[in-house]
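See below for the structure under consideration.
So you know, we letter chains A, B, ... as the sequences are listed, proteins then strands, and number each from 1. Please read all numbers here as calculations on a predicted model, not as lab measurements.
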Number of protein chains: 2
Amino acid sequence: MAAAEPFQRVNRESTAGLITRQLREAIMYGRIAPGAQLSEAALAAQFGVSRGPLREATQRLVQEGLVRAEPNRGLFVKELDDAGIRDLYAARIAVEAAAGRMIIRGRSPEAVAKLRAAYDAMQDAAERGELAELSDADLHFHEVLVDSAGSPRLHRMHQTLMAETRMCLTALQGTYQDPEDQVAEHRRIAEAIAAGDADELVEAVESHMQEALDRLVSDSAAAEAAAST
Amino acid sequence: MAAAEPFQRVNRESTAGLITRQLREAIMYGRIAPGAQLSEAALAAQFGVSRGPLREATQRLVQEGLVRAEPNRGLFVKELDDAGIRDLYAARIAVEAAAGRMIIRGRSPEAVAKLRAAYDAMQDAAERGELAELSDADLHFHEVLVDSAGSPRLHRMHQTLMAETRMCLTALQGTYQDPEDQVAEHRRIAEAIAAGDADELVEAVESHMQEALDRLVSDSAAAEAAAST
DNA sequence: CATCTGCAGATTGTCAACAATCCTGCAAGG
DNA sequence: CCTTGCAGGATTGTTGACAATCTGCAGATG
């Protein structure tokens with residue numbers, strides 16, 4: 001009957017899904033402080049729903065690792081200590097390097113094109129001095145990287161990691177590196193993929209993460225150096 | 001006061017947690033067939049709890065990816081098609097190779113010892129011809145591999161993947177390879193880590209997964225060959 | 001005879017109330 | 001002065017019932 005799908009499929013997202021998204025975003029951008037307690041009753045009232053769906057939403061966040069649940073105590077926004085940040089970036093290396101390898105194996109020209117477009121956007125933001133936009137473009141690059149691999153599982157893993165990364169950046173904002181370097185690091189990743197050089201790719205991803213890590217945990221660099229000796 | 005923690009911390013698992021574990025195990029070992037519908041009411045009655053906690057448990061499984069939820073329709077045990085199996089093993093390569101690299105970087109002798117013990121157990125089972133035990137030891141080796149990396153995030157990702165792997169093996173049991181080869185592949189992974197050879201490690205993990213993949217999707221090898229031409 | 005409409009059945013989604021558990025502060029006893 | 005016991009308040013954990021939604025079939029209609 002219908003010519004060519006003039007209507008998009010009605011896809012009402014579940015209440016729990018909506019709440020999950022809103023809560024996740026609030027946590028990601030630091031609107032809810034790390035360590036803060038989440039009261040079920042209060043949140044349910046704010047969202048205008050019962051505790052049932054809200055509970056479902058918070059449980060999802062618990063499993064994503066953004067929220068910690070203490071039995072009979074309450075829910076608390078997870079705080080990232082140095083070890084947590086290190087682990088986060090180690091996991092990102094695992095997922096993003098694997099995604100890059102998959103793209104190389106797939107030899108997809110459009111994936112390469114999308115990656116180049118992503119760092120072009122970064123370059124653009126950098127040249128205009130828009131640091132917030134640059135940060136968004138940065139994260140977007142990594143999303144494109146993993147999405148282009150076409151692996152549902154890697155994608156799902158990465159979503160959680162990106163939420164935590166954003167959380168991390170929000171908490172410790174103010175530690176910027178030279179925008180040009182930032183763009184160059186991403187270009188190196190994209191071009192390694194374009195060239196099909198897996199070893200160079202892994203190297204590029206690892207050094208990129210190390211760079212970010214150095215900025216994020218620099219506060220306690222002294223303490224860590226003491227601990228490692 | 002206490003000398004050296006003579007008592008382990010009392011940790012009563014939540015009802016939802018218990019149900020989640022039981023359901024996950026039932027799915028993993030095929031006691032609930034892939035594609036089967038999970039009725040909330042029926043399950044709640046079986047477990048002797050209300051629908052609340054049960055719902056919480058199923059939601060966790062949905063997010064782990066073992067169960068698919070169709071809005072207002074019901075819950076269904078996820079079926080793994082060839083693409084899904086391929087993706088599963090690609091994700092395992094990502095996680096396990098990364099875990100191996102982390103162990104190499106950490107230079108932990110006890111990790112190497114545990115890995116050797118794990119494949120010794122496989123060898124033992126293989127020599128006695130205990131195929132079921134060998135299969136368990138196989139999965140155990142991979143758990144040890146990821147656990148030894150000491151990364152909470154990799155560990156969590158891997159748990160889901162292992163559940164799906166078990167599901168996969170249960171569904172397609174009967175496709176065994178030569179036990180000696182099976183042990184040798186794991187030995188190769190462990191020894192690559194012991195030798196600190198990251199490239200050899202990645203190579204070993206990839207070929208191991210490819211081996212498993214070839215057995216699991218061999219049924220439709222013809223169809224796939226036709227599709228790829 | 002093919003097609004559409006309306007109803008029954010079953011299932012999930014949501015809610016408000018109840019029960020159990022846990023932390024806090026204070027007072028009594030050694 | 002320190003430990004122990006106890007109520008108060010608040011929070012989560014759980015329950016059973018109600019409302020909304022979807023599927024499949026019978027019956028009506030051209």
Just how far, in rounded Å, is P of D:dG13 from CG of B:L18? 14 Å
Going by atom types only, do B:Q59 and A:E56 share a side-chain donor-acceptor pair under 3.5 Å? yes
Between D:dA10 atom P and A:L75 atom CG, what is the distance in whole Å? 19 Å
Quick one: which of C:dA16, D:dA17, D:dG13 gets closest to the side chain of B:R51? D:dA17
Whole angstrom is fine here: how far is it from CD in A:E70 over to P in C:dC23? 9 Å
Quick one: label A:G52 by what it contacts on the DNA or RNA (base, sugar-phosphate, nothing), any heavy atom closer than 4.0 Å. nothing
In this structure, how many angstroms lie between the C1' atom of C:dT12 and the CG atom of B:N72, rounded? 6 Å
Are side-chain N/O atoms of A:E64 and B:Q63 paired as donor and acceptor at under 3.5 Å? yes
How many whole angstroms separate atom CD of B:Q59 from atom C1' of C:dG13? 10 Å
For atom CD of A:E40 and atom C1' of D:dT14, their distance in whole Å: 12 Å
Working note: A:E143 + A:H158, criterion side-chain hydrogen bond (donor to acceptor under 3.5 Å, both in side chains); need CA distance, chi angles, decisive distance, verdict. CA-CA 8 Å; A:E143 276 166 16; A:H158 195 243; over 6 Å; no
Check the distance between D:dG13's P and A:L38's CG and give it to me in whole angstrom. 13 Å
Of the listed nucleotides (D:dC22, D:dT11, D:dG13), which one gets closest to any side-chain atom of A:Q37? D:dT11
Counting only side-chain N and O atoms of A:R55, is one of them less than 4.0 Å from OP1 or OP2 of D:dG13? yes
Between A:S148 (side chain only) and A:V144 (backbone N and O only), is there a donor and an acceptor less than 3.5 Å apart? yes
OH of B:Y89 to CG of B:D214, rounded to nearest 0.5 Å, is 11.0 Å
Should B:R73 be listed as having a side-chain N or O under 4.0 Å from OP1 or OP2 of D:dT21? no
With sugar-phosphate meaning primed atoms plus P, OP1 and OP2, does B:L54 contact a base, only sugar-phosphate, or nothing at under 4.0 Å between heavy atoms? nothing
Residue met sooner reading DNA chain C from 5', once B:S39 and A:G48 are mapped to nucleotides: B:S39
